[in-house]
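Worksheet: the structure to be examined is printed underneath.
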Amino acid sequence: VQLQASGGGLVQAGESLRLSCAASGGTVRSYHVGWFRQAPGKEREFVGAVSRSFASTYSSDSVKGRFTISRDNAKNTVYLQVNSLKPEDTARYYCAATVRTDWYRGMAYNSWGQGTQLTVSS
């Protein structure tokens, strides 16, 4: 399966945005899906993930309570709702898929698309 993130843009601090992760070449509900971000000059950060059963989710401490993952099976798409945005959330956001049982760890993922840029102004 190939995943492509979209929906980024320029927003003000405190605003919300929903990022999309569209799947092709496979059914997204067959995979665990993780979200990552990378700011300029920094390492890629694992921010959240959802199990393929959607029974379990993971969120990093930096986004817990502000970022929520959802899925639309009919659209074969996973979403990342980002609320109460802060300038430090500025980064390129990526989604990735895995079938590994340690899906809640960033190291379980090894292929990312081009990502989508989210910029938060203060």
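Residues meeting the salt bridge (Lys or Arg N to Asp or Glu O under 4.0 Å) test with Lys64, sequence neighbours left out: Asp61. For Ser56, there are no side chain to side chain donor-acceptor pair (under 3.5 Å) partners, not counting sequence neighbours. Listed by chain and residue number, Val50 satisfy the side chain to side chain contact (heavy atoms under 4.5 Å, CB included) test with Thr57 (two or more places apart in sequence, or in another chain). Among residues two or more places apart in sequence or in another chain, the side chain to side chain contact (heavy atoms under 4.5 Å, CB included) test is passed with Gln12 by Glu15, Ser121. Remark: Val1 engages Leu3, Ala23, Tyr31, Ala97 in a side chain to side chain contact (heavy atoms under 4.5 Å, CB included) (not counting sequence neighbours).
Residue pairs meeting the disulfide (SG to SG under 2.5 Å) criterion with at least one partner in residues 67-122, sequence neighbours excluded, are Cys21-Cys95. Each side-chain hydrogen bond (donor to acceptor under 3.5 Å, both in side chains) pair with one or both residues in residues 101-110, not counting sequence neighbours, appears once here: Arg100-Asp102. Evaluation of the side-chain hydrogen bond (donor to acceptor under 3.5 Å, both in side chains) test over residues 16-30, restricted to residues two or more places apart or in two chains, returns Ser16-Asn83. Pairs of residues two or more places apart, or lying in two chains, never qualify as salt bridge (charged side-chain N to carboxylate O under 4.0 Å, His left out) while including a residue from residues 69-79. Each salt bridge (charged side-chain N to carboxylate O under 4.0 Å, His left out) pair with one or both residues in residues 77-93, not counting sequence neighbours, appears once here: Arg37-Asp89, Arg66-Asp89.
Shown here for Pro87 and Ala13, the closest heavy-atom pair between the two residues is CD-CB, 4.2 Å. Residues Phe46 and Gly106 approach most closely at CD2-N, 3.3 Å, considering heavy atoms. Heavy atoms only, all atoms of each residue included: Tyr94 and Gln114 are closest at CE2-O, 3.4 Å. When all heavy atoms are compared, the tightest approach of Ala39 to Ala91 is N-CB, 3.8 Å.
Using a 4.5 Å cut-off on side-chain heavy atoms (C-beta onward), Val11 and Val82 make no contact.
Taking CG of Leu17 as the reference point, atom CD of Gln81 lies at 7.5 Å (rounded to 0.5 Å). Expressed to the nearest 0.5 Å, how far CD1 of Ile69 lies from OH of Tyr58 amounts to 10.5 Å. The structure places OG of Ser60 at 11.0 Å from CZ of Phe36, a figure rounded to the nearest 0.5 Å. Atom CG of Leu10 and atom CD of Gln117 lie 10.0 Å apart (nearest 0.5 Å).
Here Met107 is tied to no hydrophobic group at all, with no ILVMFWY side chain closer than 4.5 Å. Taking a 4.5 Å side-chain heavy-atom cut-off between Ile, Leu, Val, Met, Phe, Trp and Tyr, the cluster of Tyr79 contains only that residue.
The hydrophobic cluster containing Leu19 also contains Val63, counting ILVMFWY residues as joined when their side-chain heavy atoms lie under 4.5 angstrom apart, directly or transitively.
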Exercise. Show your working on side chain to side chain contact (heavy atoms under 4.5 Å, CB included) between Gln4 and Thr116 and close with a plain yes or no.
Key: CA-CA 9 Å; Gln4 182 58 56; Thr116 186; over 6 Å; no

